[in-house]
Amino acid sequence: MIHETPIHIRYSDTDLNGHVNNAVYATYMEESRISFLQEVFPGQRLPLVIASLHIDFRQETRYPEHTDVVARTWLTRLGRASFEFFCQIVSLHGEVMCEGTAVVVHYDFEKRKSAPLPDWAREKLLPYVREREESNVGV
């Protein structure tokens, strides 16, 4: 299964050249992860920390040519205490603007270390695990 989060691009997301600023994509990916987790775990809060974030920029996203995009998110790995999100930011025409991964770790804040994912959480996440669909488009 793929989770989709619509994202409205604001003028303030852009740099002086009218491009969506590279740092803003991390925020778009974060919005998508939060929306994903709220859908999979409604009314629950899974204690997570981010361990890794990687972004590949594929095409320029220009404002006002692009006012809306969609973050397509799924999992590519489900480990003992961590899992990897894969996210593609795509235009409304289906063009991949950027894609990246974020590894999150289930975390025990009292012990200040990772903790195994509970079985109930693993069961809810499992349907979202699938292969990557990386784009070969370059800027």
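The environment of CD in Glu110 is sparse: at most 12 heavy-atom neighbours from other residues, nucleotides or ligands sit within 6.0 Å. Within a 6.0 Å sphere centred on CZ of Arg77, heavy atoms belonging to other residues, nucleotides or ligands number more than 12.
Side chain of Arg58 to backbone of Val90: no donor-acceptor contact under 3.5 angstrom is found. Put simply, the side chain of His106 never gets that close to the backbone of Ala81: no donor and acceptor are under 3.5 Å apart. Side chain of Thr14 to main chain of Tyr11: a donor-acceptor pair is present (N/O by atom type, distance under 3.5 Å, no hydrogens or angles). The main-chain N or O of Ile2 is never found under 3.5 Å from a side-chain atom of Tyr128 such that the two would form a donor-acceptor pair.
No side-chain heavy atom of Phe83 sits under 4.5 Å from any side-chain heavy atom of Val129. Between His66 and Gln59, every side-chain heavy-atom pair lies at or beyond the 4.5 Å cut-off. Looking at heavy atoms from C-beta onward, Phe57 lies out of side-chain contact with His19 at the 4.5 angstrom threshold. Residues Ile89 and Val20 fail the side-chain proximity criterion, which asks for heavy atoms closer than 4.5 Å. The shortest side-chain heavy-atom distance between Glu30 and Leu53 does not fall under the 4.5 Å cut-off.
If you take CG on Leu92 and OG1 on Thr67, they are separated by 6.5 Å, rounding to the nearest 0.5 Å. How far OH of Tyr25 is from CD1 of Ile7: 10.5 Å, rounded to the nearest 0.5 Å. Put simply, NZ on Lys124 and CD on Gln44 are 4.0 Å apart, with the number rounded to the nearest 0.5 Å. Between the CD1 atom of Ile34 and the OG1 atom of Thr73 there is a distance of 11.5 Å, given to the nearest 0.5 Å. In this structure, CD in Glu60 is found 7.5 Å from CE in Met97, a value given to the nearest 0.5 Å. Here the CD1-CG distance, from Ile9 to Asp68, works out to 7.0 Å after rounding to the nearest 0.5 Å.
No chain of hydrophobic side-chain contacts below 4.5 Å, direct or via other Ile, Leu, Val, Met, Phe, Trp or Tyr residues, connects Val104 to Phe109. Under a hydrophobic clustering in which Ile, Leu, Val, Met, Phe, Trp and Tyr are joined whenever their side-chain heavy atoms come within less than 4.5 Å, directly or via other members, Leu117 and Val105 fall into different clusters. Linking Ile, Leu, Val, Met, Phe, Trp and Tyr residues whenever their side-chain heavy atoms come within less than 4.5 Å leaves Leu37 and Val103 in two separate clusters. When hydrophobic clusters are built by joining Ile, Leu, Val, Met, Phe, Trp and Tyr residues whose side-chain heavy atoms come closer than 4.5 Å, directly or via intermediates, Trp120 is grouped together with Leu126. Linking ILVMFWY side-chain heavy atoms closer than 4.5 Å, directly or via other members, places Leu125 and Leu48 in a single hydrophobic cluster.
Under the side-chain hydrogen bond (donor to acceptor under 3.5 Å, both in side chains) test applied with Tyr28, the options Thr61, Thr5, Asp13 reduce to a single match, Asp13.
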Evaluate the criterion side-chain contact (heavy atoms from CB on, under 4.5 Å) for residue pair Ser114 and Arg80; output intermediate values, then yes/no. CA-CA 10 Å; Ser114 65; Arg80 181 188 69 80; 4.2 Å; yes
Should Ile50 and Phe85 be marked as a side-chain contact (heavy atoms from CB on, under 4.5 Å) after you check the CA-CA gap, both sets of side-chain angles, and the distance that decides it? CA-CA 11 Å; Ile50 191 162; Phe85 284 98; over 6 Å; no
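Closest approach of Ile55 and Met29 over heavy atoms only: CG1-SD, 3.6 Å.
Using the six-membered ring where Trp is involved, Trp74 and Phe86 have ring planes that are tilted, between 30° and 60° apart.
In this model, no donor atom of one side chain and acceptor atom of the other lie less than 3.5 Å apart for His54 and Ser52.
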